[in-house]
Each structure stands twice: as structure tokens, then as C-alpha cells.
Amino acid sequence: MSAVEPAAETEAGRDFLRDIVAADLAAGRCAAVVTRFPPEPNGYLHIGHAKAIAINFGIAEEFGGRCHLRFDDTNPAKEAQEYIDAIQRDIHWLGFDWGSHLYYASDYFEQLYEWAEHLIRQGLAYVDDQSADEIRAARGTLTAPGTSSPFRDRSVAENLDLFRRMRAGEFRNGARVLRAKIDMGSGNINLRDPVLYRILHAAHPRTGTRWCIYPTYDFAHGQSDAIEGVTHSLCSLEFEDHRPLYDWLIEHLPVPARPRQYEFARLNLGYTVMSKRFLKRLADEGRVSGWDDPRMPTLAGLRRRGVPPAAIREFVRRVGVARANSTVDLAMFDAALRDTLNRTAPRRMAVLRPVKLVIENYPPGLSEEIEAVNNPEDASAGTRMLPFGRELYIERDDFLETPPKNFYRLAPGREVRLRYAYFVTCREAVKDAAGNIIELHCIYDPATKGGNAPDGRRVRGTIHWVSAAHALPAEIRLYDPLFTRPDPGADGDMMADLNPNSLETLADARLEPALAEDDGTVQFERLGYFCRDPDSTPGRLVFNRTIGLHDTWTKMHADGR
RNA sequence: UGGGGCGUAGCCAAGUGGUAAGGCAGCGGAUUUUGAUUCCGCCAUUCGCAGGUUCGACUCCUGCCGCCCCAGCCA
């Protein structure tokens with residue numbers, strides 16, 4: 001054991017994967033750990049992938065090894081360059097880097113083809129002329145063994161000839177496949193002569209029409225791992241049954257290395273659907289604005305919603321790694337998000353549902369600047385100046401004509417603090433003919449500038465505000481979970497569980513001027529975290545709510561306390 | 001009478017024979033110019049169930065129960 005151990009080796013609460021890697025390193029079974037993240041470029045990455053990314057890149061990093069990004073592009077029918085680009089962008093955004101180790105399974109097509117011929121020469125693979133239906137029927141069932149194909153015992157010469165002609169394009173799609181000759185009676189269905197190559201006359205995003213036969217996942221994955229020198233091939237639980245096939249191929253092929261596959265449970269999140277297929281449908285059918293709709297669990301969607309990559313990394317770290325299937329409470333994601341944002345997000349003032357407040361005794365035309373701290377959690381974030389004047393906007397919810405017992409915001413005759421500014425006392429609620437409150441008339445105490453009374457009197461409530469003369473109009477988009485239940489689709493139809501109220505738009509919000517320049521996610525004090533949406537134009541800002549603040553007041557109300 | 005996995009609190013999750021970590025949620029309370037944050041306290045006599053081995057079992061053995069994955073020429 002070296003004098004300098006990786007920190008991870010001594011940390012408590014390490015997971016079983018890290019234990020395996022540490023043991024292999026300690027025993028000298030490998031000199032350095034090499035992992036890989038192998039997405040198929042058939043859609044956008046989502047938060048479930050973030051777990052796999054964090055595991056593969058994270059373990060490599062912690063143990064001083066490396067992690068490859070390898071596109072598993074073996075099925076041209078579903079794959080596209082758009083996805084290849086998006087996946088790379090999203091992994092980088094998440095904070096991981098593959099350096100020069102960017103690979104494609106399609107880079108290995110020639111080598112894989114040669115290995116397929118090797119298998120044929122060894123009598124371990126054969127060309128099957130049966131149709132897909134016939135193969136399926138002969139495969140048997142979960143409880144009944146399969147039966148051999150009539151083509152199973154073709155000669156090596158005939159198999160070689162046929163396989164070469166498959167490659168040459170002599171046959172139509174589906175006419176023949178190459179199968180491994182393993183065991184039609186195996187209890188593991190993956191071993192009942194699995195298909196290794198199929199005919200697909202389709203253009204591939206990278207190899208174009210150079211090939212018309214493509215290796216299956218099973219024939220490509222382990223061999224690609226071996227070619228790249230991957231030591232630990234970490235994947236999710238559903239590939240467990242494939243491991244015997246993975247090992248069989250590695251053992252029977254002259255591969256340059258001996259990778260090992262280990263499986264962990266994939267991430268499931270409450271109120272969320274991780275199926276790429278379903279997410280694609282939501283985007284394609286216009287149920288959301290696209291793959292990057294802020295309600296989507298995609299990394300692109302989370303980014304647009306204002307979720308910082310550090311929050312996602314923290315979330316998956318807290319979730320841990322194990323082999324038990326589980327569904328993580330959405331609240332755990334929210335907590336990681338709030339923790340991250342609380343430490344880093346600049347504070348701003350914004351009024352979502354404005355009502356005008358007029359300070360009767362404040363000189364008309366006068367305007368002053370008030371200093372406010374940018375982040376009470378971080379002194380280095382400094383301060384900024386807020387314009388203040390006779391007319392302000394405050395939150396409609398912050399005034400109640402007949403306040404309940406525990407309400408300590410503004411009400412007739414009551415004094416509250418305008419954050420960072422002055423104490424104001426409400427004199428009158430001005431209403432229109434219909435009885436709607438249009439203006440609140442108050443008086444302020446000039447001696448309370450900054451928010452403290454020299455006479456030591458206290459107020460219970462502090463509310464946020466924005467200067468009417470200086471405020472920026474904005475549209476605010478409030479998001480709720482895309483689904484109405486923690487287990488969407490449990491009754492059979494995920495579409496039926498879509499939340500019809502997942503988006504609420506507020507058209508007339510007012511923001512403090514500094515918000516015109518902010519990038520990144522900020523906190524609107526007392527409301528939540530928000531970030532500017534790319535739909536913003538110079539004349540009209542659009543902000544997304546990333547997540548609200550904890551709100552015990554609303555909660556007390558809901559509880560009827 | 002197919003094969004492979006998994007069952008520790010409401011949700012994640014440590015624990016690998018010596019007497020149940022931690023996080024989230026929840027519940028109290030303190031501080032607070034965000035009803036936020038922060039802080040402090042409470043929250044599994046019990047580890048799917050039943051037997052067995054042992055001075056001692058979440059950990060070992062046996063049996064049962066429950067849940068998940070596999071019958072694509074998807075990955």
C-alpha cells in the first residue's frame with residue numbers, strides 16, 4: 001500500500017463499487033482504474049444518467065484513473081448527431097471531463113467484425129436464416145427451454161461465406177442474423193444463442209452507409225471495453241443477466257484485456273419519469289416545450305430551470321450507490337438544490353403579484369438609494385444599491401384587510417419593515433368600484449432608515465418591495481412537478497398522470513433593476529430561487545422559478561393552524 | 001419444479017458475529033431585517049417472517065414470504 005492513499009479509500013460510508021475498485025487496486029489486479037460512461041445517442045441525458053456519470057467519472061477521479069465517454073452507437077435506426085452533441089454538452093456542464101478519451105463503438109466495427117469471423121472459425125457462431133418470429137418462437141419461454149435452429153450446424157465455410165455476403169449487402173433487412181452458439185437450454189435466456197449481428201440497411205450518423213450489418217449491444221459492449229482497457233464496466237442492474245454473455249464473449253475472443261462488469265441500481269425519483277422514450281414523446285407531442293423544458297428531468301431541462309450542476313452532483317452523492325431498487329423522494333432533490341443555492345445564490349428583490357404601495361408622507365419626486373447585502377451566507381458577495389421612492393410595489397399576499405391571528409405582515413393600522421428600507425404603517429386600502437384593492441396608502445418613519453428604529457421599537461414582519469419608478473416588468477414561470485403522483489404510470493398510463501397545472505405564468509411581475517444583468521440563479525427574497533429564461537428579450541424579461549423557499553406560513557395555513 | 005437479483009424508519013442508506021451511522025422528510029425549541037438560513041433536541045429495543053447455530057446474530061445456517069429484472073434482429 002502506498003503512503004498516499006486516495007481520500008476515498010479512507011472515507012466512511014463508501015459504497016460497494018468503491019470497495020471493489022479499492023480491493024482490486026490494493027491486490028494489484030489492475031494498475032489503474034478505467035471506467036466508461038456509454039450512452040446510446042438516441043435522446044437527451046436525464047438526472048438518472050447523472051448518477052451513472054457521477055459513479056463512473058467520480059470513481060475514476062477518486063482513484064486516480066480515467067473515465068471514457070463512449071457512444072454506444074450500434075443501432076443507426078435510433079441515433080442522431082443532435083444527441084451526440086447534446087450529451088457531450090450536458091456531461092461537461094455537469095462538471096465531468098473525459099479528456100482525450102472520446103470513443104464510439106462504431107470506431108470498432110471493423111475489429112468487431114473480425115472477431116465475429118473468429119467466432120465462426122471456432123465453431124462458436126453461425127448464420128441463422130430464420131425470421132425474427134421463428135427465432136422468437138424457438139427461443140422457448142421463461143420456463144421452457146429453447147430449441148435449436150435448423151441452421152445451427154452449418155459448416156464453418158458456409159457460415160463464413162454467408163456472413164461475408166451479409167456484410168456485402170446481398171440480403172435484405174431481417175433475412176439472416178449471426179448468432180453465438182452457446183446453449184438453447186440455458187435458464188438464462190441471454191445465453192440461448194444470442195444474436196450478434198443483424199442486417200440493417202440504414203445510414204449511421206458516423207459510418208454512413210459503409211456498413212449494412214451492425215453488432216448488437218451484447219457483441220459490442222464488452223469487446224469495446226476490452227479494446228479501451230476498461231477495468232471496471234459499471235452499469236445498471238438490468239444488465240446483470242447479460243454478464244454471463246459478456247464474460248463468455250471475452251473468454252472466447254482474443255481480446256487485449258479482461259474487463260469486469262458490475263451492476264448498481266439505477267436512480268428513480270418520485271413524480272418523475274426517466275424513460276428516454278417517454279420523454280421524447282412528451283417533447284415530440286408538444287406536451288412540453290422541448291427536451292429542455294424546465295419541467296423535464298433532462299440535464300438540459302434542469303439547466304434551463306436554473307439548477308446548478310453542483311446541486312445535481314450533491315444530490316446523487318447523498319443518494320448513494322447500492323443494489324436495491326429504490327425510488328428517491330423528490331424532497332431529497334429539493335433539499336440538495338436549496339442547500340446549494342442558499343450558499344451561492346445572490347439575493348434580489350422581486351414582486352410576483354404586485355400591488356401598489358404609496359407612502360403619503362414621502363416627498364413626491366424624491367428618490368434615494370438603499371444598500372442591501374447580496375448574500376447573508378457569503379460576506380464576500382458584497383452589497384448593492386436599491387432605488388427607493390414614494391411609490392413601491394409589494395406582494396399582494398403581504399397585505400390582508402382582516403388578518404388572521406398569526407399573520408404578521410401588513411394590515412390596516414399595522415407597522416412592518418420594508419426590507420433594508422423603512423418602517424411603514426398602513427393607513428388605508430384604496431379600492432376600485434368592484435371592491436378590489438388597488439393601492440395601499442402608508443406613512444413611513446424617516447428615522448427607521450436601514451430598517452431599525454432608534455427608539456428600539458420592533459416590528460414583527462419584514463416584507464420585500466420594489467420601487468415602482470425603477471422596477472423592470474417581467475414574466476415569471478412557476479413550475480410544479482410534471483406528474484400528479486409519485487409513481488406516474490402505476491395505473492398503466494403515464495400520460496393520464498400528467499399534471500395539467502405544472503406551469504403557471506405570471507405576466508406582470510416587477511423586478512429590482514439589478515436583475516437585468518444577473519446570469520445564473522438568484523434568490524428572490526422570501527420567494528425562492530429564479531433564473532432568467534432564454535426566452536427573455538431586452539424589453540421583456542422572463543424568469544423561471546427553480547424552486548421555492550421553505551414556507552412554514554403557507555404550510556401552517558394548509559394544516560389549519 | 002426457468003434463471004438472476006433485492007428486502008435495515010415515511011424515503012434513501014451505512015453495517016460483513018460484540019449489542020442499529022448519516023442524510024431527506026416529520027415534530028418540538030432558540031436565534032433571525034428573508035415566516036428563509038443557522039443552531040439545539042426528538043424521531044428503529046429493532047433489521048421481510050419463522051426456526052436453528054452461538055455467551056452473543058442485521059450479520060452464519062435452514063425454510064418460507066414479498067418485490068424487481070430477463071422470452072428485441074433495443075440499449
Side-chain angles (χ1 to χ4, degrees), chain A residues 12-15 38-40 42 72 74-75 77-78 128 130-132 135-137 139-146 173-179 185-192 194-200 213-214 216-218 220-221 235-244 263 265 267 270 276-277 315 317-336 338-339 342-343 347 349 372-373 376-377 406-409 417-421 423 450-452 458-464 486 523-528 548-556:
Chain A
R14 198 173 57 183
D15 54 77
E40 183 190 15
N42 66 345
D72 230 327
T74 56
N75 184 1
K78 293 185 176 179
D128 195 339
Q130 293 183 108
S131 69
I135 289 178
R136 185 181 312 116
R139 185 151 31 222
T141 69
L142 294 179
T143 51
N173 287 357
R176 285 176 233 264
V177 292
L178 182 73
R179 292 228 258 170
S186 174
N188 182 340
I189 292 174
N190 292 303
L191 263 22
R192 316 237 269 228
V195 170
L196 268 21
Y197 268 90
R198 72 282 213 191
I199 299 170
L200 244 33
I213 59 172
Y214 291 91
T216 56
Y217 162 84
D218 285 305
H221 204 95
C235 61
S236 46
L237 246 28
E238 65 266 30
F239 292 101
E240 207 168 353
D241 291 342
H242 293 248
R243 190 178 351 117
E263 311 86 18
L267 174 68
K276 260 198 248 179
R277 195 184 104 69
F315 169 62
R317 188 192 67 75
R318 290 183 190 188
V319 165
V321 187
R323 284 177 63 86
N325 288 313
S326 63
T327 299
V328 176
D329 195 330
L330 229 206
M332 211 190 292
F333 175 77
D334 294 346
R338 287 195 182 101
D339 284 354
N342 177 50
R343 283 186 283 99
R347 270 54 169 177
M349 294 227 271
V373 308
E377 307 291 320
N406 294 318
F407 186 82
Y408 45 84
R409 278 113 93 150
R417 171 165 42 233
L418 294 175
R419 174 141 238 229
Y420 297 121
F423 286 9
N452 284 303
R458 320 269 302 206
V459 289
R460 191 68 206 275
T462 299
I463 64 175
H464 58 97
Q523 183 192 98
F524 289 178
E525 294 216 38
R526 302 211 303 135
L527 298 173
L549 255 26
H550 274 133
D551 183 358
T552 27
W553 168 243
T554 302
K555 202 172 143 196
M556 276 165 66

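The phosphate of B:rA36 has neither OP1 nor OP2 within less than 4.0 Å of any side-chain N or O from A:Arg343. One finds a side-chain N or O of A:His550 lying less than 4.0 angstrom from the OP1 or OP2 phosphate oxygen of B:rA25. Proximity of A:Arg179 to the phosphate of B:rC73: no side-chain N or O atom is located under 4.0 Å from OP1 or OP2. When the side-chain nitrogen and oxygen atoms of A:Arg338 are compared with OP1 and OP2 of B:rC24, none of them lie within a distance under 4.0 Å. A sub-4.0 Å separation between OP1 or OP2 of B:rC6 and a side-chain N or O of A:Arg323 is present. Side-chain nitrogen and oxygen atoms of A:Arg277 include none within less than 4.0 Å of the OP1 or OP2 phosphate oxygen of B:rA75. Side-chain nitrogen and oxygen atoms of A:Thr552 include at least one within less than 4.0 Å of the OP1 or OP2 phosphate oxygen of B:rA36. Contact check, A:Arg526 against B:rU32: no side-chain N or O comes under 4.0 Å of OP1 or OP2. Contact annotation: A:Thr74 side-chain N/O to B:rA75 OP1/OP2 distance is under 4.0 Å.
Nucleotides B:rA21 and B:rG41, compared at atom P, are 15 Å apart to the nearest Å. As rounded to the nearest Å, B:rG15 and B:rA44 have C1' atoms that lie 14 Å from one another. Here, B:rC24 and B:rU34 have their P atoms 22 Å apart, quoted to the whole Å. The separation of B:rU53 from B:rC61, taken at their P atoms, amounts to 15 Å, rounded to a whole angstrom. Atom C1' of B:rG51 sits at a distance of 37 Å from the matching atom of B:rA25, rounded to the whole Å. Rounded to a whole angstrom, the distance from the C1' atom of B:rC47 to that of B:rU37 is 36 Å. Here the separation of B:rA36 from B:rG28, taken at their P atoms, is 13 Å to the nearest Å. Comparing the C1' positions of B:rU46 and B:rC58 gives an interatomic distance of 9 Å, to the nearest angstrom.
A:Val319 comes within 4.0 angstrom of the backbone, heavy atoms only, and of no base. Counting non-hydrogen atoms under 4.0 angstrom, A:Asn452 reaches a base of the nucleic acid. Base engagement by A:Arg347 is indicated by at least one non-hydrogen atom pair under 4.0 Å involving a base atom. Contact annotation for A:Leu200: no contact, since no heavy-atom pair falls under 4.0 Å across all strands. Residue contacts for A:Thr216: at a heavy-atom cut-off of 4.0 Å it reaches the sugar-phosphate backbone alone, with no base atom in range. Within 4.0 Å (heavy atoms only), A:Phe524 reaches no atom of the nucleic acid at all. Among the protein residues, A:Gln523 comes within range of the nucleic acid bases, having at least one heavy atom under 4.0 Å from a base atom. Looking at heavy-atom distances under 4.0 Å, A:Gly174 makes contact with a base. Residue-level contact check: A:His242 touches the bases, meaning some heavy atom is under 4.0 Å from a base atom. At the heavy-atom level, A:Pro39 lies nowhere under 4.0 Å from the strands shown. Among the heavy atoms of the strands lying under 4.0 Å from A:Val321 are primed sugar atoms or P, OP1, OP2 only; no base atom is included. Among the atoms of the strands shown, none is found under 4.0 Å from any heavy atom of A:Arg460. Across all strands shown, A:Phe239 has heavy atoms under 4.0 Å from base atoms, whether or not it also approaches the sugar-phosphate. Base engagement by A:Ala132 is indicated by at least one non-hydrogen atom pair under 4.0 Å involving a base atom.
A:His550 NE2 to A:Asn342 CG: the interatomic distance, rounded to the nearest 0.5 Å, is 11.0 Å.
No donor-acceptor contact under 3.5 Å links the side chain of A:Arg243 to the base of B:rG4. For B:rG3, the base has a donor-acceptor partner in the side chain of A:Asp241 [N/O atoms by modelled type, under 3.5 angstrom].
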Using a cutoff of under 3.5 Å, can you pull out all pairs of nitrogen or oxygen atoms linking the protein to nucleotides 57-60 of chain B, with atom names and distances?
none

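Without hydrogens or angle criteria, A:Arg192 side chain to A:Ser186 main chain gives a donor-acceptor distance under 3.5 Å. Formation of a donor-acceptor pair under 3.5 Å by the A:Arg526 side chain with backbone atoms of A:Met349 is not found in this model. Side-chain atoms of A:Asn188 come within 3.5 Å of backbone N or O of A:Asp241 as a donor-acceptor pair.
Whole-Å rounding puts the A:Asn42 CG to B:rA75 P distance at 10 Å. Between the CG atom of A:Asn325 and the P atom of B:rG4 there is a distance of 17 Å, given to the nearest Å. Atom CE in A:Met556 sits roughly 10 Å away from atom P in B:rG28 (whole-Å rounding). Rounded to whole Å, atom P of B:rC24 lies 7 Å from atom CG of A:Asp339.
Listed nucleotides B:rG26, B:rG35, B:rA14 differ in distance to A:Lys555; the shortest reach to its side chain belongs to B:rG26. The A:Val195 side chain lies nearest to B:rC73 when the options are B:rC24, B:rC73, B:rC74. Comparing B:rG35, B:rC70, B:rC73 against the side chain of A:Thr462 picks out B:rG35 as the nearest.
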Would you sort out whether A:Leu200 and A:Asn75 count as a side-chain contact (heavy atoms from CB on, under 4.5 Å), showing the intermediate values?
CA-CA 9 Å; A:Leu200 244 33; A:Asn75 184 1; 3.9 Å; yes
Candidate pair A:Lys276 and A:Lys78, rule side-chain contact (heavy atoms from CB on, under 4.5 Å), full reasoning:
CA-CA 12 Å; A:Lys276 260 198 248 179; A:Lys78 293 185 176 179; over 6 Å; no
Test log, rule side-chain contact (heavy atoms from CB on, under 4.5 Å), inputs A:Arg417 and A:Asn452
CA-CA 8 Å; A:Arg417 171 165 42 233; A:Asn452 284 303; 4.2 Å; yes
Full working for side-chain contact (heavy atoms from CB on, under 4.5 Å) between A:Leu418 and A:Ile463:
CA-CA 5 Å; A:Leu418 294 175; A:Ile463 64 175; 3.8 Å; yes
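Of the two residues contacting RNA chain B, namely A:His221 and A:Gly185, the nearest-nucleotide position lying further toward the 5' end is that of A:Gly185. Toward the 5′ end of RNA chain B lies the nearest nucleotide of A:Glu240, the other residue of the pair A:Pro376 and A:Glu240 mapping further downstream.
Residues A:Trp553 and A:Asn406 are in side-chain contact: their nearest non-hydrogen atoms beyond the backbone lie under 4.5 Å apart. By the 4.5 Å heavy-atom criterion applied to side chains, A:Phe333 and A:Val328 are not counted as neighbours. Side-chain contact check for A:Thr216 versus A:Pro194: every heavy-atom pair is 4.5 Å or farther apart. A heavy-atom distance below 4.5 Å is not found between the side chains of A:Arg347 and A:Val373.
Ion pairing of A:Glu263 with A:Arg243 is present here, as a side-chain N (NZ or NE/NH1/NH2) and a carboxylate O approach within less than 4.0 Å.
Using a 5.5 Å limit on the distance between ring centres and a 30° limit on the angle between planes, the aromatic ring of A:Trp553 counts as stacked on the six-membered base ring of B:rG35.
In this structure, B:rG72 shows a glycosidic angle within 90 degrees of zero, which is the syn conformation.
Pairs of Watson-Crick or G-U wobble type, with distances under 3.5 Å, assemble into runs of 3 or more in RNA chain B at these ranges: B:2-7 with B:65-70, B:10-12 with B:22-24, B:26-30 with B:38-42, B:48-52 with B:60-64.
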